[in-house]
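Every chain is numbered from 1, with letters handed out A, B, ... down the list of sequences. Computed from a prediction, not measured in an experiment: that's the story for all the values here.
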2 protein chains.
Amino acid sequence: MIAQGSIRLLVVDDHLPFRLGMVAMLNDEPDMRVVADARDGMEAIALYRTHCPDVVLMDLRLPGMSGVETTLALREEFPTCRIIVITTFDGDEDIYRALQSGAQSYLLKDMLAEEMIGVIRSVQAGKPQIPAAVAGRLAERMRRPELTAREHEVVHLLVRGRSNKEMATHLGVSEETVKTHLKGLFVKLGVRDRTQAAIYALQHGIVHLD
Amino acid sequence: MIAQGSIRLLVVDDHLPFRLGMVAMLNDEPDMRVVADARDGMEAIALYRTHCPDVVLMDLRLPGMSGVETTLALREEFPTCRIIVITTFDGDEDIYRALQSGAQSYLLKDMLAEEMIGVIRSVQAGKPQIPAAVAGRLAERMRRPELTAREHEVVHLLVRGRSNKEMATHLGVSEETVKTHLKGLFVKLGVRDRTQAAIYALQHGIVHLD
DNA sequence: CTAAAAACCCCACGATTGGGGAAATGACAC
DNA sequence: GTGTCATTTCCCCAATCGTGGGGTTTTTAG
């Protein structure tokens with residue numbers, strides 16, 4: 001009778017050494033057991049169906065479906081499933097979107113084992129904890145005004161290095177309109193020009209390269 | 001007589017799960033043994049001194065000393081030491097600098113176990129192999145003209161979002177001079193404006209955020 | 001339904017930036 | 001010394017960009 005209150009886990013990450021390490025680290029805890037591991041979103045969903053784990057540990061950058069897309073799909077099919085994102089991305093927007101899409105908590109890969117273990121137990125217990133470092137970033141995100149749909153399109157094109165004229169053509173609007181959206185963007189991001197806006201967007205995870 | 005031709009390894013990475021996973025994966029090979037693991041550069045150097053491993057597996061992003069700095073320090077003290085960088089960074093400049101600083105090969109964390117194992121054996125045998133994906137990026141780097149010291153300073157300030165005037169003040173030169181350096185930068189990077197240059201520099205690892 | 005808010009659109013002006021070229025200095029290699 | 005290269009300064013000029021303001025449409029809340 002090992003696994004009476006045992007927490008059954010699914011690890012999703014495309015790095016083999018990381019998956020192996022998580023398995024080793026978690027199986028070392030007496031009340032935890034990794035029942036499966038997946039290298040991408042499709043595999044994660046399939047394995048969730050067959051194993052019905054208690055908690056999923058999900059990376060954000062995955063080949064094919066992203067971690068956020070996989071989280072949304074899992075929460076759609078299994079509304080009660082518990083997902084903890086674990087990643088190196090520490091942009092406030094990454095954190096916000098992960099929690100928004102249904103994740104219960106958010107861990108960074110350089111955290112201590114005890115912290116990770118503690119968060120997993122808290123999520124399993126239905127009282128999810130958010131590490132202080134992550135909560136701080138989330139607070140940053142909350143202080144930033146919401147971008148409009150157009151502003152998101154504009155900042156996306158900006159990080160692709162497009163000029164105002166190119167954005168205008170691409171969006172089917174006038175160049176003056178693009179400039180208006182950029183103005184709003186600069187104010188909301190607290191920057192003064194397009195270069196700072198592009199860097200800010202990358203740094204905070206509002207837009208990703210590739 | 002297990003370890004006759006056994007390869008003794010040191011793993012350097014700040015992510016605990018990754019270190020554990022590498023240890024598990026490599027110790028699974030009959031001819032390999034992880035003799036120590038470090039979470040930062042200082043620890044890596046200390047452990048190298050006491051264990052004299054055959055090959056070091058080194059991450060690039062470490063707290064304190066970077067992977068490149070640690071590699072330089074190790075190669076200085078132990079000119080024959082063999083180092084393989086293993087990281088998620090795939091910018092051509094990251095690869096170039098790692099090999100430049102004395103690393104024998106370069107692996108990406110999402111590669112297959114067989115590929116990693118094969119590269120470690122080849123490095124141990126004194127005939128280092130570079131994975132095709134990495135070699136391709138390196139070729140990209142070779143097609144790009146070398147930046148001058150000033151151009152590096154300028155692109156660094158550019159990624160910090162500074163204006164021409166601010167760069168001029170910061171560098172103690174005229175604004176016209178800054179523009180000249182920017183012109184050279186645009187030509188060498190194959191871009192047309194500062195925003196594209198900043199993005200290019202980040203994407204290719206010429207400058208890193210933080 | 002109406003009023004307010006938000007999003008979207010446009011013009012005009014000054015500031016900043018980018019593109020062409022030219023040239024002087026110093027360091028360094030041949 | 002000669003030649004190459006990095007660094008620096010300057011010019012002119014055109015294009016792009018950022019900021020002021022004003023205006024219209026769409027959404028949302030009551």
What is the separation between atom [atom1] on [X] and atom [atom2] on [N], rounded to the nearest whole Å?
X         : N       : atom1 : atom2 : result
Leu171(B) : dT8(D)  : CG    : P     : 8 Å
Met167(A) : dC8(C)  : CE    : P     : 15 Å
Glu146(B) : dT4(D)  : CD    : C1'   : 17 Å
Leu147(B) : dC5(D)  : CG    : C1'   : 15 Å
Arg194(A) : dT17(C) : CZ    : P     : 12 Å

Between Gln104(B) (side chain) and Ile83(B) (backbone), is there a donor-acceptor pair under 3.5 Å?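 Looks like yes, one N/O pair under 3.5 Å.
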Examine the side chains of [X] and [Y] and answer whether a donor and an acceptor come within less than 3.5 Å of each other.
X         : Y         : result
Thr180(B) : Thr177(B) : no
His204(A) : Asp92(A)  : yes
Ser101(A) : Thr71(A)  : no
Asp59(B)  : His15(B)  : no

From OH (Tyr96(A)) to CE (Met142(A)), nearest 0.5 Å: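 It comes to 5.5 Å.
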OP1 or OP2 of [N] sitting under 4.0 Å from any side-chain N/O of [X]?
X         : N       : value
Thr148(A) : dA6(C)  : no
Ser174(A) : dC10(C) : yes
Arg150(B) : dT8(D)  : yes

When you measure from every atom of DNA chain C, which of residues 151-166 of chain B have a heavy atom less than 4.0 Å away?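 Correct list: Ser163(B), Asn164(B), Lys165(B).
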I'd like to know if Lys183(A) and Glu151(A) make a salt bridge, using a cut-off of under 4.0 Å between side-chain N and carboxylate O.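 No, Lys183(A) and Glu151(A) are not salt-bridged.
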Do the side chains of Glu115(A) and Arg121(A) get close enough for a salt bridge, i.e. N-O under 4.0 angstrom?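 Arg121(A) and Glu115(A): not salt-bridged.
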Using a heavy-atom cut-off of 4.0 Å across all strands, would you classify Ala149(B) as base, sugar-phosphate, or nothing?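 If one applies the 4.0 Å heavy-atom cut-off, Ala149(B) turns out to touch the sugar-phosphate alone, with no base involved.
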Regarding Lys109(A) and the six-membered ring of Phe18(A), is the cationic atom NZ or CZ under 6.0 Å from the ring centre and inside 45° of its axis?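 Because its charged atom sits under 6.0 Å from the ring centre and within 45° of the axis, Lys109(A) does stack over Phe18(A).
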Taking only heavy atoms on the protein side, list every residue of residues 175-190 of chain A lying under 4.0 Å from any atom of DNA chain D, sorted numerically.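 Under 4.0 Å from DNA chain D: Lys179(A), Lys183(A), Phe186(A).
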